[in-house]
Amino acid sequence: MRHFAVVGSGPAGFYTAEALEKAYGDAARIDILDRYPVPYGLIRFGVAPDHQSLKAVSKRYDKVAESAGVDFIGNVTVGRDVSVAELLDLYDAVILAIGAPRDRKLGIPGEELPGVVGSAEFVGWYNGHPDFAELDPPLDGTHAAVIGNGNVALDCARILSKTRHEFEGSDIVGHALEALDRSAIRTVTILGRRGPHQIAMTPKELGELGHLEATLPLVDLSDFPPREADEALEPGQRKSVAILREFNDIRANKPKSMIFDFFAKPLRIEGDGKAERIIVERTELDEKGGARGTGETYEVPASLVITAIGYWTPPIDGVAYDERGTRFLNDNGKIADRLYAVGWARRGPTGTIGTNRPDGYEVADRIAAELPPEGESDRPGAEGLKRLLDSRRVMATDYDDWRKIEETETARARPGSPREKFVRHEEWLQTLGR
Ligand SMILES: Cc1cc2nc3c(=O)[nH]c(=O)nc-3n(C[C@H](O)[C@H](O)[C@H](O)COP(=O)(O)OP(=O)(O)OC[C@H]3O[C@@H](n4cnc5c(N)ncnc54)[C@H](O)[C@@H]3O)c2cc1C
């Protein structure tokens with residue numbers, strides 16, 4: 001019997017566990033550890049609450065968690081409650097799937113002003129992440145800005161722009177729904193350093209914006225290259241650019257607007273003790289397709305500034321770390337002997353949920369080649385881990401505990417919502433009577 005510890009229960013962790021189970025059958029026991037008693041990582045805490053169909057992928061992960069060879073061990077933070085070195089003593093291999101939960105910084109003056117928040121914080125706030133329950137983003141001004149030109153920026157801008165009615169059927173947490181309902185924000189500006197051809201936004205996410213109840217998406221066609229140039233784009237990107245162009249044809253009067261401000265590089269954030277405006281430099285594309293400042297500057301008013309420019313993986317003691325790439329240093333998923341990385345902790349914060357599947361399968365294949373299923377292990381696996389956690393008074397939870405939390409959240413949902421998430425760590429533990 002082999003014993004594997006997968007650290008992190010997001011998509012990468014679950015796809016890896018699924019692949020290991022397929023590769024080893026009943027010759028392995030796989031423990032999926034997570035710092036929270038609730039699994040699924042960004043499926044719960046990142047993917048937008050109004051995109052319920054995407055969150056349904058967790059049903060597939062449920063099947064993995066329910067299978068005989070797999071256990072979920074929650075409420076255990078690796079690097080704090082147990083070290084990676086200890087896990088390597090207890091298990092035949094350890095696979096780090098901890099994602100990239102920290103916001104990248106812009107590195108410009110004024111970034112520390114109240115009113116400037118990272119997308120991980122803002123997204124965590126509306127998705128019930130316990131670290132951000134108290135965020136209380138300022139929604140009392142009329143202007144907000146989102147910095148970044150990817151889908152996370154679009155999620156943030158869309159959530160700020162929807163009416164209460166448009167959140168029906170979503171699992172947005174109650175505190176965010178109430179705050180957004182009272183929000184005074186009328187204009188959200190999305191700032192991107194380069195142009196429409198360089199966006200990292202996908203057609204589905206852009207297409208939704210044309211149908212918002214109270215918000216009109218606005219583009220300036222002079223930012224776009226001649227229409228013929230779109231032909232050279234790959235089909236998905238071409239479609240995204242076509243959707244952006246079509247925003248200019250929408251004829252409707254709506255009280256709110258979402259402005260796409262391209263070729264706009266934030267230089268600093270200013271205000272009297274809090275964010276009030278962003279000073280932006282107009283850019284143009286350089287020979288290599290990067291953004292080059294033109295020297296022309298202007299102001300974008302914003303009392304809420306959300307930065308959505310990427311994420312990084314926090315280092316863990318004793319694990320090789322790629323300072324430049326902000327993820328674990330790895331060679332195609334291998335960090336060191338019997339230690340591997342998958343998902344965002346391996347590749348950095350790019351790709352969709354589905355991208356993590358081949359990633360997890362590839363690393364599982366590599367593990368199976370290096371630790372053949374027929375080999376015997378003299379390591380204790382979960383039994384040893386539980387002894388260690390008990391000795392440290394760490395209250396580990398299991399999959400049944402998660403089911404109980406889920407049932408309680410479902411039972412207390414407001415009408416039309418699949419659940420009302422708990423937003424504090426203690427609430428999870430109280431639900432479990434701990
Ligand atoms: C805001 C946002 C919206 C997104 N929307 C979409 C979308 O609509 N469609 C789509 O296809 N993709 C979307 N993505 C991308 C998708 O969420 C990622 O591709 C995917 O979640 C990455 O999987 P992961 O397992 O590497 O990381 P994560 O999902 O982040 O999972 C990491 C897990 O590790 C756990 N963990 C972290 N540190 C520790 C530790 N020290 N000890 C124990 N456990 C730990 C965390 O609690 C978490 O459960 C979105 C991403 C973001 C940020």
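Salt bridge present: E86 and R392 bring a charged side-chain N and a carboxylate O closer than 4.0 Å. By the 4.0 Å N-to-carboxylate-O rule, R268 lies too far from E111 to be salt-bridged with it. Ion pairing between E284 and R292 holds under the 4.0 Å rule for side-chain N and carboxylate O. Taking a cutoff of 4.0 Å between a charged side-chain nitrogen and a carboxylate oxygen, D155 and R158 qualify as a salt bridge. Between E21 and K63 no salt bridge is recorded (no basic side-chain N to carboxylate O distance below 4.0 Å). Ion pair R346/D359 flagged as a salt bridge, since at least one NZ, NE, NH1 or NH2 atom sits closer than 4.0 Å to an Asp/Glu carboxylate oxygen. Using a 4.0 Å cut-off between charged side-chain N and carboxylate O, R434 and E426 make no salt bridge. Between R2 and E374 no salt bridge is recorded (no basic side-chain N to carboxylate O distance below 4.0 Å). Salt bridge annotation for R338-D92: absent, with no cationic side-chain nitrogen under 4.0 angstrom from a carboxylate oxygen. At a threshold of 4.0 Å, the pair K404-E407 does not count as salt-bridged, since none of the basic side-chain nitrogens sits closer than that to a carboxylate oxygen.
Judged by distance alone, the side chain of D390 and the main-chain N or O of R387 form no donor-acceptor pair under 3.5 Å.
Applying the ring-ring contact (aromatic ring centres under 6.0 Å, His included) test to pairs two or more places apart or on separate chains, those with a residue in residues 109-142 are Y36-H129, F45-H129, F122-W125, F122-Y126, W125-H175, H129-F132. Annotation: ring-ring contact (aromatic ring centres under 6.0 Å, His included) contacts involving residues 54-81, sequence neighbours excluded, comprise F14-Y61, Y15-Y61. Within the structure, every pair that satisfies the ring-ring contact (aromatic ring centres under 6.0 Å, His included) test and touches residues 300-332, not counting sequence neighbours, is listed here: Y311-W344.
A 4.5 Å side-chain heavy-atom check between L304 and I185 finds at least one atom pair inside the cut-off.
For the pair R357 and Y361, the cation sits on the ring face: its NZ or CZ lies under 6.0 Å from the ring centre, inside 45° of the axis.
With hydrogens and angles left out, the side-chain atoms of T294 and E281 include no donor and acceptor closer than 3.5 Å. Side-chain N/O atoms of H51 and E208 include a donor and acceptor closer than 3.5 Å.
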